[in-house]
Every structure is written in structure tokens, then in C-alpha cells.
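Take a look at the structure below.
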Amino acid sequence: MKLPLLGDPEAILDRGLEGVDHNFVTGKLEELVKWSRARSCWPATFGLACCAIEMMATGGAHYDLARYGMEVFRASPRQADLMIVAGRVSQKMAPILRRIYDQMMEPKWVISMGVCASSGGMFNNYAIVQGVDQIVPVDVYAPGCPPGPETLMHAILTLHEKITSGELTQRREETGAGANLSVSQQDGQTSTGVVIRT
Amino acid sequence: MSDSVLHVPREELIETVSGLRDDGYVSVLDVTAVDYLEHPGRTDLPPETTPERFELVVTLISHAAPGRVRLRVQVPADDPTVPTLFDLYPGTEALEREVADMFGIVFEGHPDPTRILMPPDWEGHPLRKDFAVGRIPVQFKATR
Amino acid sequence: MSAPDTTVETATDEAVRRREDSAVLRIGEDDGERLEAEAGTSDTSMVMNMGPQHPSTHGVLRLMLEMEGETVMRSKPVIGYLHTGMEKTAETLTYLQGPTNVTRMDYASPLFSELAFSMATEALLGLELPPRATWIRMLMCELNRISSHLLFQATNGMDIGAVSMMIYGWREREEALRLLETITGLRMNHNYIRPGGVAADLPDGWRDEVLTLIDTLPARLNEFDTLLTGQPIYRERLQGVGVINTAECLALGVTGPILRSTGYVWDLRRDMPYLAYDQVEFDVVVGTYGDCFDRYAIRLNEIRESIRILAQILDQMPSGDYRVQDKKVTPPPRARIDESMEALIHHFKIFTEGFKVPAGEVYAAVESPRGELGCYMVSDGSAVPYRMHIRGPSFVNLQTLPHLMQGGMVADAVAIISSVDPIMGEVDR
Ligand code: SF4
């Protein structure tokens, strides 16, 4: 088997860069940018409630978010590309959430993790914002209460796909709206491939 | 193992609590309140106590002879004030702020009478019975 | 056991009680910015804001710190950023739905809130539980205590800068969570302990799984000891930091590991036993100095005590029903529903209308990993609680922060917050 542009994979494994057929790679700069955006998508630490514990579990050894280049949760919004809203957003927290979103650099993405962030969940009352999409544009909604690490990773991979296709960035520039994707819950199942409903 | 319950008039609250403190009730565990607006006919009050809209509930614990005591204080709706217990048990500070925030009961002499859970500019006291839950109707968009 | 010393009147106690120039900064939430601007003109002190979005404030805690140089003078925890209105929502949910709500308060140890809620409901109903239900509850609670303290080890390590501790803490916690998932069906927010018993019997093979856990954990805990307990940097960061004494703790209403770290023996499981804790043997772990290190060590050793309790529960687990066989509160078994119309209606009624609970008021408390977790419940005789209040230990314990931080360095603030181990869901409810 030969990799396009690169040559024989075994030779590359053996001899490193020496094994590459050509010592340059051509491609569109745009593709390269999209690819690197998706592969180093750093989330902001934005843990709010129970879901945050599962978000931290995803970063732990067992689920190993580092596989996707995402293990660095940035404390400063300036260094983050992805905001995972993990938990219920109260009326008191809402303005702060928006401020942190505004402080993040473009291009930026938002995953709404858990039913509370997506719709208020079981707390249909005076204190909770009924859906974080009223405050920031949401790209992917992860269902569950809490969504297990598998579901969160599924949401993240779905987002990666959209980032690589570039569609999302264009839409954001035009309308300012998020992608509004919902993914299905994946906890405790063997993966059946990516199911995307728009 | 049920806790003992005392019905204390508002005026005697401080006196009773300091008496209990001398008796070895080392901590105030809990200060909370109940709004009896929709449940006025409660029957568990002794005859000499007039039921009022609010009831302040203070729970104290004794460690030497393990046991809790619960004080129930009637607080009228037209004058919802209670003396603060802060000077006896500083641990009531946050608990009293919560009651003040949620029920609008004023603690006289409290060192920091500000809202604790709701934003400072919030109107109303959420746990009062005449404060709506604040539901918004759920629309099942997917079924349409 | 000697009677605990309960004298409260000491000089330190006065310091807690003082209104002026005490450790607590008593200014409005919005005054921070104004003061910051003013303080810019004076060179003695300034007010700094920490949180609510800060990696080491365990969620959404915000602190206002008044500082002189790098020394923290007064401070004020500002909370409410996760206020969920759960006590209000509880007034719209039936007693059977209630645990779904309270379990989301303390999300590191959800089973304890469920337990307090269920115990309060059962006290109002006057229910007597079958022994197996009691022991299953104990089993679950101890498992949950282990997972909660492991979470503490992970986050505490991370806050101090021992980041690898986070990986180890999570690894162990996953084991405990896997077991909880096998039994309850969920990793968190189980809704497993319900009024009248538990939701389901223990699954086949539970005994082996618990055994595997209690066989592997002790060795892993020894690894924690190697990694942290004896490590000079770690000790340096924690020892003598954030000191509090017994009198202050009692005056502030503090319970749990913080109170025990001062050398004061008080554990509801031993002193006011509930469930069947009077039938198992365990030690109450206490500290000496009341500093951050003691609090760390207490939590580590409480995991070991929980393992001891688990071993005894394995030996003594009785057989029988896992929930009361009282038609009023217990839905009929699944098989009966297929056969009998009445059973179906009965089942339907319990889950839609719920069951009526006699009027009255009650307070039930359990020893959660953070201290005394109480549930105060008022019933007006209908199927939903008239008022449901949870006394969250984190909420009360948070009041110690200003006293622990006063006079310390701002860098120690992180270690202190972490050692108080507040769960914001329970603080704000
Ligand atoms: S969705 Fe569930 S787990 Fe997540 S924050 Fe809400 S209640 Fe907690």
C-alpha cells in the first residue's frame, strides 16, 4: 500500500522522514488550517455542575481525551477554542457565561453538555436559564443527565468533523449562529458509527 | 430517635437559645423557614401558640448527650422580623442570609443583610408560596 | 470514650464572633469593583476577585479577597452562581420523584442526599424498613463515600500542583463508579435509594465485584501515600496551612472532616447511629492540628475505614426484601402487572399521583463525606412535600473559608478551598 503523496508507510515507520517519497507535501492552506484547528481544539474549563464531573472524568486516564489533542483544559478563555457548557446555567451565572464566551478568540465553538445546559432539564423553574442557546450559539448538544464520557466524546468528534469540513466556520461568519447539531447518547454501547441529525 | 421540638415566641428566642447554649447545645445546625400560606390549618401546634404565616425553624445539636432540639418560631406576615442569632452562634450567618433571601424575613442586627443566592437586584423571595415556580411550558418540537 | 469537651467560650471563639475587623469581609457583591477602584489610590490594601470561573474554585465559587501585598486579610465567599431552585422544585414533585431532585445537589456523593430525603419521608410515614434494604443502603453509601473521597484526592492533588494525582484519583474512582453503575444503572445521580427501600435488588455477582474493589483499593491507597503523604513539597504546601480549632468549628456549625481534623471526635455514624451502623465496627478518624494536611489525611484514611465497613457488610448482608411490602408506597412487582388489572392501576397511580404522606414535620440527618447532611421536611398530608429543605454541609462549612485564609498567603487560598472540599451544587441548591 502506498499513501498518497507520502509513499510506503512501512518505510516511513522504519526510517522516519527519510522514508518519505517526497520531502514536501502540497495541499491547500485552508485545508491545513481546518485540519489543525480540529486537531488542537482546546476546551475552556467551564465546569458548572454535575456534568463537570463527567467532563473531568473524560479527561482522566480511562477515557483519555488526550487522544484528540484536547487534554489541556485552559483556565484562561483567551487560550481556549471550545467552551463545553457542562451543567445548569443559573440566572446569576448567565451574564458571566456570556462574558467568558466573548473573551474567547475566534474561531470558537460551543458544546452544550447535558440536558440542563441544553434545555433546563428537569429544573423548569425561576432559577435556571432554559437552554444555554439563549445566551450563546450552540454547535453540538450532548444529551443525557449527565452525558457519560462516551457521549461527550461523540459530541466532540462530531464537532471535529464539522470543523474539518469548514462549513461551520463559514456559517458562523455569515449568521453568527451555531450549528445546532444533536447527537445521540452513546453511554454503555458499542459505537454504531456517527449518527448526525440536523 | 426523634428530636425534641420547642415552640418559642419570637421575643423569647434569644433567651431560649442562650439557655440551650449553656445546656451544652454546641452548634446551630440549621436555620430555615416555612411559609404556611397555603397550609394554615396545621394541627401540630400547641394551643397557646397562634399560627402565623411564616415559621422559623432552628435546629441545634448537643454532643455531650447526643440529641437535637428544634425551635419553631411563629413570624407574622405583616412584621417578618426576627432577632439574629449571630451573636450566640456565628455559624448562623449564612443560614440566616439564605432565609432572608428566600423568604424575606429580616434578621435584626445581622452583620451582612445582603442576598446570598439570588443576584443582588432580584425581585421577590422565591420560596414564598406566592412566588411562582417560574415554569415555561415545554414544547415538544420533535413531535410536530 | 470520654465525653467530648464542649466548652465554647474561649478567646479564639471571640475572634470568630467579632463583627468589626473579623475575618469576614462584609461588603456587597457589586461593591467589589468600586472598592477595587478606590483601593487603587491607597497603598495598604486592595480587594481582589477570584472566580466564579476559576480552575481551582471547584465549580462556581467566587471569593472576594482583601489583601495586603500577598497576604489575605479579610475575605468573603460569594455564592449563588449555581442556585437551581431545587427546594422550590421539590414542592412540585411527589415523594417518589423527590430523590431525582435531591440527588443532583451533592453530585460527588449523590446517594447521601437520597438517603436523607428517604429517611425523612419514611419517618413521616412511620415505615419500618426490611433489614436487607437497610444494609443495601449502607453498602451503597460506603461505596459512594469512597468515590467521593477519591474525587477529593484527585482534585486536591491537582489544585496543589501534583497533577499526576489527578490521573490516579480518577483511575480509582472509575473502578468505584463502574461498580455503582452495575448496581444502580448510572454513574452519577443514581436515584437508587427511594422512600420505602431501594430501587432494585443487588444484581448477580455484586459480591465478587465489591470484593475485587476492596481487594485492589488498599494497595492503590498505599501508592497515594508514597506519592503524596511523605512527599516534602506536598507537606510543605499543606502543613500548618489553614488552621482552625474545635471551638471555632463548633461556633460556626462546621461538621465532617473539618471538625474532625481539629481532634474532635464526632461522627453521626457512631454517635447518633442510623441505618445499621451500630452493628459494624469502624474507627472515627481524627486529626490533631486542624490544618489542610490533617483534612487530607482524614479523607484518605476514611476510605480505608469504608473498606473495613464494606467487608463487614459483605459478611452480614441479610436476605429478604429490598423494599417494604407496603401496598401504599411500593408498586406491585412487574410480573403481577401483566396478570392483574388492579396491579396495573395501582402501579399507574403510584407513579402518577404518588402516595399521600401524613401531615407533620421532621428532620433526618446522615453523615455525608462532607459532614451532617440533613433533610427538613414538612408535609400537609398530600402527595408532594409542602416544604423540603436540605441542610447542606458544604454550605455551612464554606463559612470557615475567611477564618482559614486570614493571614495566609494568597497562594495558600487554593489549598484551603480545596481542603474544605465544597460541592457547589449542594452549597447553592
Ligand atoms: S444535565 Fe444532569 S448531570 Fe448535567 S448538570 Fe444537569 S442535572 Fe447535573
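So that the names make sense, note that chain A is the first sequence line, chain B the second, and so on, each numbered from 1.
Across A/G60, A/C50, A/A44, A/A94, the residue that shares the most heavy-atom pairs under 4.5 angstrom with chain C is A/C50. Contact count versus chain A (heavy atoms, under 4.5 Å) is highest, among C/R173, C/R187, C/M166, C/R171, for C/R187. No other option in C/L82, C/I167, C/L186, C/L151 has as many heavy-atom pairs under 4.5 Å with chain A as C/L82. No other option in A/P77, A/A57, A/G47, A/A52 has as many heavy-atom pairs under 4.5 Å with chain C as A/A57. Considering only heavy-atom pairs separated by less than 4.5 Å from chain C, the leading option among A/I100, A/L97, A/I53, A/I128 is A/I53.
Contacts of A/P95 classified as side chain to side chain contact (heavy atoms under 4.5 Å, CB included), with partners at least two apart in sequence or in another chain: none. With sequence neighbours excluded, the residues that form a ring-ring contact (aromatic ring centres under 6.0 Å, His included) with C/H83 are A/Y126.
Interface remark: C/N101 contributes backbone and side-chain atoms alike to the contact with chain A (heavy atom separation under 4.5 Å). For A/F73, no part lies under 4.5 angstrom from a heavy atom of chain C. Proximity to chain A is absent for every atom of C/I423, based on heavy atoms less than 4.5 angstrom apart. Looking at C/R429, there are no atoms closer than 4.5 Å to chain A (heavy atoms on both sides), in backbone or side chain.
Within residues 113-123 of chain A, the residues having any heavy atom less than 4.5 Å from a heavy atom of chain C are, in residue-number order, A/M122, A/F123.
Side-chain contact between C/R104 and A/C145: present, with at least one pair of heavy atoms (C-beta onward) separated by less than 4.5 Å. The closest side-chain heavy-atom distance from C/E175 to A/H62 is not below 4.5 Å.
In this structure, C/W170 and A/M56 approach most closely via the heavy-atom pair CZ2-CB, 3.3 Å.
Surrounding CZ of C/F224 are more than 12 heavy atoms belonging to other residues, nucleotides or ligands, all under 6.0 Å away. In C/D204, the CG atom is not crowded: 12 or fewer heavy atoms of neighbouring residues, nucleotides or ligands sit closer than 6.0 Å.
Side-chain N or O atoms of A/N125 include one that pairs as donor or acceptor with a backbone N or O of C/G85 at under 3.5 Å. When atom types are taken as modelled, the side chain of C/K88 and the backbone of A/A127 share no donor-acceptor pair closer than 3.5 angstrom.
Under the side chain to side chain donor-acceptor pair (under 3.5 Å) criterion, the residue pairs touching residues 80-91 of chain A are A/R88-C/T84, with sequence neighbours excluded.
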